[in-house]
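Notes for the one structure printed next.
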Amino acid sequence: QLIAKFDELKATGEFFIAYFTGGIDANNYCWCSDCDDARPNITKHVMDKTELTVLKGVVDDRNSWVGVADHPYKAHPIMKAGGVPSLVLLQGEMALMRAESPEDF
């Protein structure tokens, strides 16, 4: 679903953001502690302030992400998520800026 929406936005030439994060279960637990640590800053400085469209890619469980080089978000030829959490500023077929390390958040 995220990749189909990416293709739609790519065709417009507009700027947009892809946000990749670990999923939160029914007990409000996220398998990704880095995602939990970064979430307040991402919410405050990106999600609450941007007027751009944000595509949110949720990785539901650790086993589908860690060590899975062909995960669709990692293998995507443009988004190429380097980890979770990640933010990628995109325009058309270009990734213009990435935030992928704890220092970025």
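Screening residues 67-105 for disulfide bond (SG atoms under 2.5 Å apart), with sequence neighbours left out, gives no hits. Sorted by first and then second residue, the pairs that involve residues 34-46 and meet salt bridge (charged side-chain N to carboxylate O under 4.0 Å, His left out), not counting sequence neighbours, are D36-R39. For the disulfide bond (SG atoms under 2.5 Å apart) condition, no pair includes a residue of residues 65-105, sequence neighbours left out. Applying the disulfide bond (SG atoms under 2.5 Å apart) test to pairs two or more places apart or on separate chains, none has a residue in residues 71-105. Pairs of residues two or more places apart, or lying in two chains, never qualify as ring-ring contact (aromatic ring centres under 6.0 Å, His included) while including a residue from residues 81-105. Pairs of residues two or more places apart, or lying in two chains, that qualify as salt bridge (charged side-chain N to carboxylate O under 4.0 Å, His left out) and include a residue from residues 95-105 are R98-E100.
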Mind listing the side-chain donor-acceptor pairs of residues 3-20 below 3.5 Å, one per line with the distance, residues two or more places apart or on another chain?
| from | atom 1 | to | atom 2 | distance (Å) |
| --- | --- | --- | --- | --- |
| T12 | OG1 | L9 | O | 2.6 |
| T12 | OG1 | E14 | N | 3.1 |

Please list, one pair per line, the donor and acceptor atoms closer than 3.5 Å that link side chains of residues 67-84 to other protein atoms, with sequence neighbours excluded.
| from | atom 1 | to | atom 2 | distance (Å) |
| --- | --- | --- | --- | --- |
| H71 | ND1 | Y73 | N | 3.0 |
| K74 | NZ | W65 | O | 2.6 |
| K74 | NZ | V68 | O | 3.4 |
| H76 | ND1 | I78 | N | 3.1 |
| H76 | ND1 | M79 | N | 3.0 |

Can you list, pair by pair, the side-chain donor-acceptor contacts under 3.5 Å of residues 21-29, counting residues two or more places apart and other chains?
| from | atom 1 | to | atom 2 | distance (Å) |
| --- | --- | --- | --- | --- |
| D25 | OD1 | N27 | N | 2.9 |
| D25 | OD1 | N28 | N | 3.3 |
| D25 | OD1 | Y29 | N | 2.9 |

For residues 46-59, run the donor-acceptor check on the side chains, cut-off 3.5 Å, and write out each pair with its distance to 0.1 Å, sequence neighbours left out.
| from | atom 1 | to | atom 2 | distance (Å) |
| --- | --- | --- | --- | --- |
| T50 | OG1 | L52 | N | 2.9 |

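Applying the side-chain hydrogen bond (donor to acceptor under 3.5 Å, both in side chains) criterion to S64, with sequence neighbours excluded, gives no partner residue. Residues satisfying the disulfide bond (SG atoms under 2.5 Å apart) criterion with C32, sequence neighbours excluded, are C35.
No chain of hydrophobic side-chain contacts below 4.5 Å, direct or via other Ile, Leu, Val, Met, Phe, Trp or Tyr residues, connects M94 to L90.
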